[in-house]
Amino acid sequence: MIDCNNFYASCERVFHPAWGHRPVGVLSNNDGCIVARSNELKDAGIPMGVPYFQAKDQLAKINAVVVSSNYALYGDLSARVMNTLSQFTPEMEVYSIDEAWLDLSGFNPADLDGYGRDITRTIKQHTGIPVSMGIAPTKVLAKIANRICKQRKIPGAVFNLGNEKALDEVLGAIAVDEIWGIGSRWGKGLNALGIDNARQLRDCDTGQMRKRFSVVMERLILELRGIPCLEFEDIAPKKQIIASRSFGERVTELPDLKEAVSSYVTRAAEKLRAQGSACRLLQVSIRTGRHNPKEQFVRRSRQIEFGAPTADTRKLIAAACQGVEQMFVPGVRYAKAGVMLFDLVPVDGMQLGLFEPGDSDKSQVLMETVDRLNRLYGRRSLFFASEGIQKRWGMKRERMTPCYTTHWEDLPTVQ
DNA sequence: TCTGGGGTCCTAGGACCC
DNA sequence: TCTGGGGTCCTAGGACCC
């Protein structure tokens, strides 16, 4: 398992050497929460996920750099990291924007550490992003190895748990809720049973734990014992596609709400077509803010079924807007809307209904053309009128850095 | 005043079938 | 008083991940 250290913060740092060792924090959409922290920011005690307005004073005090998230930049650097990585092994599973699994089973165990150090060094050299690598016989153990690599700041950034002689001690130092697959709920449940660290969990009776929790827990315990239960996975098409956003400011007018939802539908439909699918079911939802106790929490959703699967943005927008009209209540301050596409089927070999026509050839050609032009000339070069132009509800990103690697006009200049 | 977004898998229970 | 057994499919909700 290889992952990028403090990925978003590291991406920003690549293009700002002048920041030196100042702490770096990256904000979520709408500049809401801290979602990525450099080591300096972690050391300063700023917790993950803390609302920005709550941490603002402390951040200023430690002279931290705080930026809005710049997904164009992170997505592009991620692709470069993964591309470099893929040159080292044919068997690779991209697990998230900043993580990948490598299958090194064909390699000579004695060479693994050195090969690992080659990999981490090359990634750093090619992309400027620091990475860490954990090697072990199973995914769960490799995650633990990766964590130890970071905790101990191992030179070369590779830690191989397969070579570890004092395995019991190492696992004994890992708290259960640090294990990949154990969240806070299960962590508390395990603590209540007197199980506090990875070694204790490994030595539990699998049958009992399965009964108490689920088969997921049983597999996790077996993985801790070095018995692989989690496969290497192929890139499968998504089973559901979501596009949702909080608004930059509260929305109270129906036209604005429909505009926002149309934009989200457009984005979801792009993803849908990109994986060669069509959908049979769309769900649209709207809600108010969750954190104001004086304001009533309102949340509504509507599902719209299509007689035949569709990937036509126009049909999807029409359906979603109809749903919004049915749900809209005047006087409510909406904070967020979202669109989900379910019941996805591959477009090739699609079963069409007897009476409902599917997407026409014309429709498919039109959508392909829209997608191609937007790929070529940048997102939203061509868009649907119902998405609106002003976007009063648009995302707040007050501290965004330039898209150094994806927009020509943002290309850095060297003097 | 201001609190992110996008996913997966598993289980239990109900509906329905023979 | 007593009211079968076994299977599938679907959905809602809970747990987890980054």
Side-chain angles (χ1 to χ4, degrees), chain A residues 1-8 25-37 47-57 66 68-71 74-75 78 93-101 139-140 143 146-147 176-190 210-220 223 229-231 233-250 264 267-268 270-272 275 281 283 285 287-295 297 301 303 333 335-344 395-399:
Chain A
M1 141 68 41
I2 191 151
D3 75 350
C4 303
N5 304 343
N6 316 325
F7 183 54
Y8 296 172
V26 179
L27 300 171
S28 64
N29 283 343
N30 279 313
D31 294 346
C33 305
I34 296 271
V35 290
R37 304 163 297 158
M48 175 69 174
V50 71
Y52 177 44
F53 72 93
Q54 280 175 14
K56 216 165 184 172
D57 292 347
V66 180
S68 305
S69 39
N70 182 343
Y71 290 105
Y74 313 150
S78 169
E93 176 191 337
V94 176
Y95 179 65
S96 73
I97 193 165
D98 70 334
E99 290 172 282
W101 304 98
K139 282 185 167 180
V140 170
K143 273 278 194 180
N146 183 292
R147 174 173 284 267
V176 281
D177 57 7
E178 289 179 85
I179 301 170
W180 184 56
I182 307 280
S184 66
R185 280 308 249 280
W186 280 8
K188 285 194 190 99
L190 289 169
R210 178 181 182 147
K211 220 176 276 174
R212 176 91 207 231
F213 296 87
S214 78
V215 65
V216 179
M217 178 68 88
E218 181 182 22
R219 287 201 284 248
L220 203 151
E223 284 256 324
C229 300
L230 304 174
E231 298 292 319
E233 279 166 39
D234 304 325
I235 318 119
K238 300 268 182 276
K239 295 169 181 171
Q240 51 181 262
I241 290 171
I242 301 177
S244 71
R245 292 267 180 291
S246 303
F247 306 131
E249 45 191 81
R250 299 287 189 258
Y264 304 163
R267 180 73 192 110
E270 279 169 7
K271 293 192 211 173
L272 182 71
Q275 68 165 32
L281 182 67
Q283 177 177 298
S285 57
R287 69 165 175 80
T288 58
R290 284 175 305 176
H291 300 283
N292 187 347
K294 285 183 206 144
E295 198 171 25
F297 181 55
S301 69
Q303 294 198 341
R333 298 171 64 239
K336 180 175 180 174
V339 173
M340 296 194 214
L341 307 180
F342 297 104
D343 221 345
L344 310 188
M395 224 195 310
K396 198 168 98 185
R397 287 159 131 186
E398 288 173 351
R399 326 177 67 92

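Chain A is the first sequence line, chain B the second, and so forth, proteins listed ahead of strands; every chain is numbered from 1. Since this is a predicted model, take the numbers as computed values, not measurements.
Checking B:dG7, B:dT3, B:dG5 against the side-chain heavy atoms of A:Ile242 singles out B:dG7 as nearest. With B:dT3, B:dG5, B:dG7 as the candidates, the nucleotide lying closest to the side chain of A:Gln54 is B:dT3. Nearest nucleotide to the side chain of A:Val216, out of B:dG5, B:dT3, B:dC10: B:dC10. Closest contact between the side chain of A:Arg250 and the listed nucleotides B:dC2, B:dT11, B:dG4 involves B:dC2.
Judged as a side chain to side chain contact (heavy atoms under 4.5 Å, CB included), and not counting sequence neighbours, the contacts of A:Asn5 are A:Asp3, A:Pro130, A:Ser132, A:Lys150. Taking A:Glu178 as the reference, A:Arg147 meet the salt bridge (charged side-chain N to carboxylate O under 4.0 Å, His left out) condition, with sequence neighbours excluded. Residues meeting the side chain to side chain contact (heavy atoms under 4.5 Å, CB included) test with A:Lys271, sequence neighbours left out: A:Ile241, A:Arg267. Under the side-chain hydrogen bond (donor to acceptor under 3.5 Å, both in side chains) criterion, A:Asp98 pairs with A:Ser96, not counting sequence neighbours. Every residue two or more places apart in sequence or in another chain was checked for a ring pair (Phe, Tyr, Trp, His ring centres under 6.0 Å) with A:Tyr52, and none qualifies. Looking at residues two or more places apart in sequence or on another chain, you find no side-chain hydrogen bond (donor to acceptor under 3.5 Å, both in side chains) involving A:Gln54.
Phosphate proximity of B:dG7 to A:Lys271: present, with a side-chain N or O under 4.0 Å from OP1 or OP2. Taking side-chain N and O atoms only, A:Lys56 has no distance below 4.0 Å to OP1 or OP2 of B:dC2. For the pair A:Ser28 and B:dG5, the criterion of a side-chain N or O lying under 4.0 Å from OP1 or OP2 is not met. Applying the 4.0 Å criterion to OP1 and OP2 of B:dT1, one finds that A:Arg333 has every side-chain N and O outside that range. For B:dG6, neither phosphate oxygen OP1 nor OP2 lies less than 4.0 angstrom from any side-chain nitrogen or oxygen of A:Arg267.
Legend: side chain to side chain donor-acceptor pair (under 3.5 Å) pairs involving residues 236-249 of chain A, not counting sequence neighbours: none detected.
Using a 4.0 Å cut-off between charged side-chain N and carboxylate O, A:Glu295 and A:Arg333 make a salt bridge.
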Pairing of DNA chain B as dot-bracket, 5' to 3': ( ) intra-strand, [ ] crossing, | other strand, . unpaired, with Watson-Crick or G-U pairs under 3.5 Å? ....||||||||||||||
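Note that CD of A:Glu223 and CD of A:Glu218 are 12.0 Å apart. Values are rounded to the nearest 0.5 Å.
A:Arg245 has its CZ atom 16 Å from the C1' atom of B:dT3, to the nearest Å. In this structure, CG of A:Leu344 is placed 15 Å from P of B:dG6, rounded to the nearest angstrom. To the nearest angstrom, C1' of B:dT8 lies 8 Å from CD of A:Gln240. Atom OH in A:Tyr74 sits roughly 15 Å away from atom P in B:dG5 (whole-Å rounding). Here B:dC2 presents its P atom at 10 Å from NE2 of A:His291, a figure rounded to the nearest Å. One can place CD of A:Glu295 at 13 Å from C1' of B:dC2, the figure rounded to the nearest angstrom. Between the P atom of B:dC9 and the CZ atom of A:Arg210 lies a distance of 17 Å, rounded to the nearest Å.
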Across nucleotides 12-18 of chain C, 5' to 3', mark each nucleotide with B, S or - according to how protein heavy atoms within less than 4.0 Å reach it. ---SSSS
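When all heavy atoms of A:Asp31 and A:Glu398 are compared, the closest pair comes out as OD2-N, 2.9 Å.
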